[in-house]
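One structure below.
Every value quoted in this text rests on a predicted model; they were computed, and no experiment measured them.
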Amino acid sequence: MSVPRLEPGALRPRRGRPPTPGLRERILRAAAVIFARRDYHEVQMDDVVQASGVGKGTLYRYFPSKRELYLAVMFEGIERLRAELEAAVATDEPPARKIRHIVHRTLAYFWDRRFFFSLIHRNEYRGGGEARAWLRHREALSRLVQHTLEGAMAARHLRRVNTRIATEMLFGMMRSVNRYRAEGDRLDDLVTAVVGVFMRGVGTPTGRRIVEQPCTSSARHLPRGSGSVASA
């Protein structure tokens, strides 16, 4: 599958009448569902019109092209994920437990967006202004995870490792598990599997014991585990 070539300047703000509060977000939510479930070239702007309940003229006033809509969905999506992860690690829990929260929040966020999760990462290998903007968003997310790993290393929950590389390893594990999960897989089981493999690779005995302990007070900060699902 291919995505459109990214050109600089495609997300310039547009002039016109003042935007209707909440309308842009409504369009983006509807578009995110569609892009998550279909190939880019199968998506039509009419599909977004129907799903969002806005007129075609209104849609094009906010997003003059499908590419701009697609990129906005990506940028908004990674910002929402970053906010979720910031909340997940903004606790006084042991650093190793925060690693589990990161995995849980990320897999839960993309549970119903599994093909979209793969799609957005294709921009890592493309040039242009929008690709650079995407990488800035991704780097902010990476720094958040890397900072968490550094805290775990300082607490001796992780071995002395290159936390930048360890962050990319963790991202790669989550992306693969999310993309290739099978019918009947459960969210909590996959979280346990990813964290277990990661910690056996870079964790210390203390760190592994912490992540293997049942969650107590932290459970209320995390999404509830999903039940069995079929492959999308």
Side-chain angles (χ1 to χ4, degrees), residues 1-87 105-141 171 174-175 177-181 183 187 223 226 229-232:
M1 182 189 70
S2 61
V3 298
R5 187 170 61 88
L6 305 174
E7 298 289 347
L11 296 182
R12 288 190 295 268
R14 291 166 292 283
R15 298 177 181 176
R17 56 184 174 179
T20 302
L23 187 55
R24 182 177 184 274
E25 290 71 24
R26 191 167 104 199
I27 294 170
L28 287 173
R29 284 196 302 270
V33 172
I34 295 171
F35 281 120
R37 296 175 179 174
R38 303 184 195 173
D39 185 290
Y40 174 88
H41 295 290
E42 295 175 349
V43 175
Q44 303 296 322
M45 293 294 267
D46 285 341
D47 300 328
V48 181
V49 167
Q50 183 176 2
S52 62
V54 303
K56 184 177 289 189
T58 299
L59 174 61
Y60 279 100
R61 180 163 63 89
Y62 281 85
F63 304 100
S65 70
K66 183 171 71 170
R67 181 179 65 188
E68 290 199 36
L69 177 60
Y70 162 77
L71 292 170
V73 166
M74 285 199 307
F75 295 157
E76 294 277 339
I78 197 169
E79 281 300 300
R80 285 196 299 271
L81 175 59
R82 185 162 66 91
E84 292 245 353
L85 297 190
E86 286 175 346
R105 286 285 178 104
T106 303
L107 292 182
Y109 184 84
F110 287 107
W111 193 255
D112 296 319
R113 305 176 178 94
R114 54 190 303 194
F115 291 109
F116 182 62
F117 185 69
S118 298
L119 178 63
I120 62 178
H121 281 80
R122 292 175 182 269
N123 281 312
E124 297 171 20
Y125 310 105
R126 295 177 176 272
E130 291 87 353
R132 289 191 293 272
W134 158 251
L135 286 175
R136 286 194 296 271
H137 283 277
R138 188 187 186 282
E139 286 166 2
L141 188 66
F171 279 159
M174 291 189 289
R175 177 167 40 183
V177 166
N178 192 70
R179 175 65 179 84
Y180 295 106
R181 70 175 189 257
E183 182 177 357
L187 172 61
S226 298
V229 295
S231 298

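- In this structure Val54 satisfies the side-chain contact (heavy atoms from CB on, under 4.5 Å) test together with Leu23, Arg26, Ile27, Ser52, Thr58, Leu59, sequence neighbours excluded.
- Atom CD1 of Ile34 is separated from atom OH of Tyr70 by 15.0 Å, given to the nearest 0.5 angstrom.
- Rounding to the nearest 0.5 angstrom, the gap separating the CD atom in Gln44 from the CZ atom in Arg38 is 8.5 Å.
- Put simply, the side chain of Tyr62 does not reach to within 4.5 Å of the side chain of Leu28, judged on heavy atoms.
- Between Leu69 and Phe35 the shortest side-chain heavy-atom distance falls below 4.5 Å.
- To the nearest 0.5 angstrom, Leu141 atom CG is 7.0 Å from Thr106 atom OG1.
- Taking CG of Leu71 as the reference point, atom CD of Glu76 lies at 12.0 Å (rounded to 0.5 Å).
- Atom CG of Asp46 and atom NZ of Lys56 lie 3.5 Å apart (nearest 0.5 Å).
- Heavy-atom neighbours of Gln50 CD from other residues, nucleotides or ligands within 6.0 Å: at or below the threshold of 12.
- For the residue pair Phe110 and Leu81, the shortest heavy atom distance occurs at CE1-CD2, 3.5 Å.
- With sequence neighbours excluded, the residues forming a side-chain contact (heavy atoms from CB on, under 4.5 Å) with Glu139 are Leu135, Arg143, listed by chain and number.
- Both tests hold for Lys66 against Tyr40: distance to the six-membered ring centre under 6.0 Å, angle to the ring axis within 45°.
- In terms of the salt bridge (Lys or Arg N to Asp or Glu O under 4.0 Å) criterion, residue partners of Glu86 (sequence neighbours excluded) are, by chain and number, Arg82.
- Taking the six-membered ring for Trp and thresholds of 30 and 60 degrees, Phe75 and His137 have nearly parallel ring planes, at less than 30 degrees apart.
- Separation of atoms CZ (Phe63) and CE (Met45) is listed at 8.5 Å; rounding is to 0.5 Å.
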